[in-house]
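We name chains A, B, ... by the order of the sequence lines, and we start the count at 1 in each one.
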Amino acid sequence: MHEFDSVAPSAPHATDPRLLANLNPEQLAAVTLPPGHALILAGAGSGKTRVLTTRIAWLIQTGQLSPGGVMAVTFTNKAAKEMIARLGTMLPVNPRGMWIGTFHGLCNRFLRAHWKLAALPQSFQILDTQDSLSAVKRVVKGMQLDEERFVPKQISWFIAASKDEGRRPRDVAVHDEQSRVMQQVYQAYEDQCQREGVVDFAELMLRTYELLRDNDPLREHYRRRFRHILVDEFQDTNRLQYLWLKMFATPPDRAASSSSPGDSDANSVFAVGDDDQSIYAFRGAQVGNMADFEREFKVREVIKLERNYRSFGNILDAANHLISHNEHRLGKNLRTEAGPGEPVRVNEAPSDFAEAQWLLDEARFLHREGSPRSEIAVLYRSNAQSRVIESALFNAGIPYRVYGGLRFFERAEIKHALAYLRLTENPNDDTSYLRVVNFPARGIGARTLEQLQDAARASGRSLHQSVGALGGKAGANLGAFNAMIESMREATHGLTLREIIEHVIATSGLADFYKAEREGAERLENLDELVNAAEAFVTQEGFGKDAVALPVDETAGPGTIADGLPQAVAAVDFTPDAETGEIMSPLAAFLTHAALEAGDNQAQAGQDAVQLMTVHAAKGLEFDNVFITGLEEGLFPNERALADADGLEEERRLMYVAITRARKRLCLSFSQTRMLHGQTRYNVKSRFLEELPEAALKWLTPKNQGFGSGFAREYQQAWQRGSGLGSMVGAGRVESPPAWATPKTRELTVESPAASGALTLRVGKSVFHTKFGEGVVVTLEGSGADARAQINFGRHGMKWLALAIAKLTPID
DNA sequence: GGGAATCGCGTTTTT
DNA sequence: CGCGATTCCC
């Protein structure tokens, strides 16, 4: 089926000496590894991206690889873009033509090229998580299941998780009624997606994997084409991504059987990852893939990049010391030549409010000292923690930026516009149909849609096709909607993408609707922004001008292929059909782009602002000054994560990621009390604080260390201000009961079995229990013999104790 | 069909 | 407590 140009690698050219300059010995070894599968353990701040890009540039410069023979995979669009941008400065070729992208982006390209083999429509559309959930809801409703028992969200999660493990409905384990129904829903969901010509994120991966698995010539073709496969953040790969990778890689036994590696037709996988930064197990990532890779791919070279170019010594000591408490590691220790730097400072606050206040003063101080606000990052374990910090910053008028939340293409008004656009492309997309059939309102109610869905189910056709089944006013309204979609389709024929979108926003009634809305101005702006995004997309991708294969001289070489698939296309989102070269419409391509790249999720960019984000969101970023807040048992480590065995280790890795974000200054803080879910919680400080080396720390609270001069004075003032704010915070020390707490009893005196004599307990007081260790009294109830106390023992959890029996001693 | 009241829930998130 | 989703009522 395929013919290949088996061009042996030419003798290395003289490389640009600047390319390899300033690499340390380990980096150099990684960059210049001979062909063969390799695993690079790249510690935080060790120059990972540099090694990846330099490796590609070096292979190309030395003539071992043509741009068309590269496949580089990342997890995020941001990482892919960065790689492309850096390569652009290193190479005289256009890196946009290389197969560099996210797992999902590359799958999309692959399926666009082989849509027929994959049994998809050429302009199949991609469901994001929201779309997918509403599709599942539709299925569940259609099957008339009890939504209490079969929660759509859970089923949606189950389907995604199954696909992420490579399981089709027939492969899922069925052991009871519940799982049997789940399987049926999964099957029905698949049928529905197939009927509507849509795929969800996991389907992109799974479909690609299966196509390669079941089609030998195709698989062999791609194995020959991609000489070098590079994978970033390998520790975050899930089961399916690992299997997927195996499809592209030459099996190691075949690679080994070749006498000389240089002439072998085997390709090479260059996997880069850091097991200590694996923080996505909750969404299916399997760190075990690293060990599996080493074993199954018979990796000969494991290179560790341990020299850190980011942080000062004390920060690295803290990170190393902390992570050494994990048992399941491949083993790695960061080192620096930058000197110890400032100690890691630790602050204890009486309340979350005071913690925020302290943070605020600290940020002000740093800014006064010349640090840009954008170099100050405030990290927290969960999004709910940002609220107090935000309000403190807001009230003080300090600009800040919160990462997270809705992204551009996920906004309701944008999704609505996209739904109309999708319908002009494919009126049988029921998800989009239901989203906008009555938005803006046009007299199509819930019962009408029930009937329409029943009719569609009965005939096995789409909603759009089933409108004729309904008569009366309802049928007329539906007919009018169909006619509108149809006229949109006709009117936009031949228009530019920009004109199409403008037309649809106007004629759908969306523009008028938001004009009439009191709060619609921002949404209108966003719709304008959608037009701009489309314009930028077209310009950037170069569609319409020269969306054709790049000049041959840029792409020819080993790996040239002969099945009509262009080596490289200027417009990567317009991947042509592998056989016919047909390219999908700009609109379909833009819709794909919108699904695959949800856009920024940071609020108002522009001015210099303090950066607020979760630890997860901070991965891959770095800042001069980092604050890690809320270091309390239950919060960080999070109590819900402690349920499973590996939970604590993942939490610790999360802390490790947080620590290693800091370049110059690291501050840790925790609070004795915190408002959570509408009630005050009394917390014990995080065990992670105990796992840090004392020598690298400087405690700012009197208990552990006195105040000195300079910085410390600042802290003292900040702390006092923070703790002196309003009656809410009271006297500020844990010894006095917080005035704002309203438990049943605030103070209780009982005969203590431990200390012969009276024991006085107060809410907020620390106590020691012979079995559970240190805890904080949360609630007191009853009296005398049946006096009870609820005590938070941190890692041992919240306990109710009978005070007549429990052996408690007070801690001061 | 849409606004108001009520319910329920509350790690982490990219594609 | 604060939110989103659902339900209720006009």
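For A:Phe409, there are no ring-ring contact (aromatic ring centres under 6.0 Å, His included) partners two or more places apart in sequence or in a different chain.
If you check every strand for non-hydrogen atoms under 4.0 Å, A:Ile444 touches sugar and phosphate atoms only. In this structure, A:Asp236 reaches neither bases nor backbone, as no heavy-atom distance under 4.0 Å exists between it and the strands shown.
Between the CD atom of A:Gln130 and the P atom of B:dT13 there is a distance of 16 Å, rounded to whole Å. Between A:Asp164 atom CG and B:dT14 atom P there is a gap of 15 Å when expressed in whole angstrom units. Rounded to an integer number of Å, the gap from A:Gln125 CD to B:dT15 P is 18 Å. One can place CG of A:Leu406 at 15 Å from C1' of B:dT14, the figure rounded to the nearest angstrom. When the P atom of B:dT14 is taken as reference, atom CG of A:Leu621 falls 11 Å away, rounded to whole Å. To the nearest angstrom, C1' of C:dG2 lies 16 Å from CD of A:Gln385. The NZ-P distance, from A:Lys619 to B:dT13, rounds to 12 Å in whole Å. Counting to the nearest Å, the P atom of B:dT13 and the CZ atom of A:Phe201 are 16 Å from each other.
Taken from CZ in A:Phe248 to CZ in A:Phe110, the straight-line distance is 5.5 Å, to the nearest 0.5 Å.
Using atom P as the reference point in both C:dG4 and B:dT13, the two lie 16 Å apart (nearest Å). Separation of the P atoms belonging to C:dA5 and B:dT12 is 16 Å when rounded to the nearest angstrom.
Looking at which nucleotide of DNA chain B each of A:Ala202 and A:Arg442 is closest to, the 5′-most match is held by A:Arg442.
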Quick test: give all pairs of protein nitrogen or oxygen and nucleotides 6-12 of chain B nitrogen or oxygen below 3.5 Å, distance rounded to 0.1 Å.
residue: B:dG10; atom: N3; partner: A:His677; partner atom: ND1; Å: 3.1
residue: B:dT11; atom: OP1; partner: A:Arg640; partner atom: NE; Å: 3.4
residue: B:dT11; atom: OP1; partner: A:Arg640; partner atom: NH1; Å: 2.0
residue: B:dT12; atom: OP1; partner: A:Asn383; partner atom: N; Å: 2.6
residue: B:dT12; atom: OP1; partner: A:Asn383; partner atom: ND2; Å: 2.9
residue: B:dT12; atom: O4'; partner: A:Arg381; partner atom: NH2; Å: 3.0
residue: B:dT12; atom: O2; partner: A:Arg381; partner atom: NH2; Å: 2.6

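In the interface, the side chain of A:Thr102 is not paired with the base of B:dT14 through any donor and acceptor atom under 3.5 Å apart.
Of the side-chain N and O atoms in A:Arg387, one or more sit less than 4.0 angstrom from OP1 or OP2 of C:dC3.
Centroid-to-centroid, the aromatic rings of A:Phe226 and A:Trp99 come within less than 6.0 Å. Between A:His616 and A:Tyr280, the distance separating the two ring centers is shorter than 6.0 angstrom.
Of the charged side-chain nitrogens involved, none lies within less than 4.0 Å of a carboxylate oxygen, so that A:Arg387 and A:Asp352 do not count as a salt-bridged pair.
Of the candidate nucleotides B:dG2, B:dT13, B:dT15, B:dT15 has the atom lying nearest to any side-chain atom of A:Leu596.
Relative orientation of the A:His593 and A:Phe537 rings is tilted, given thresholds of 30° and 60° on the angle between their planes.
For A:Arg674 (side chain) and A:Tyr682 (main-chain N/O), no donor-acceptor pair under 3.5 Å exists by modelled atom type.
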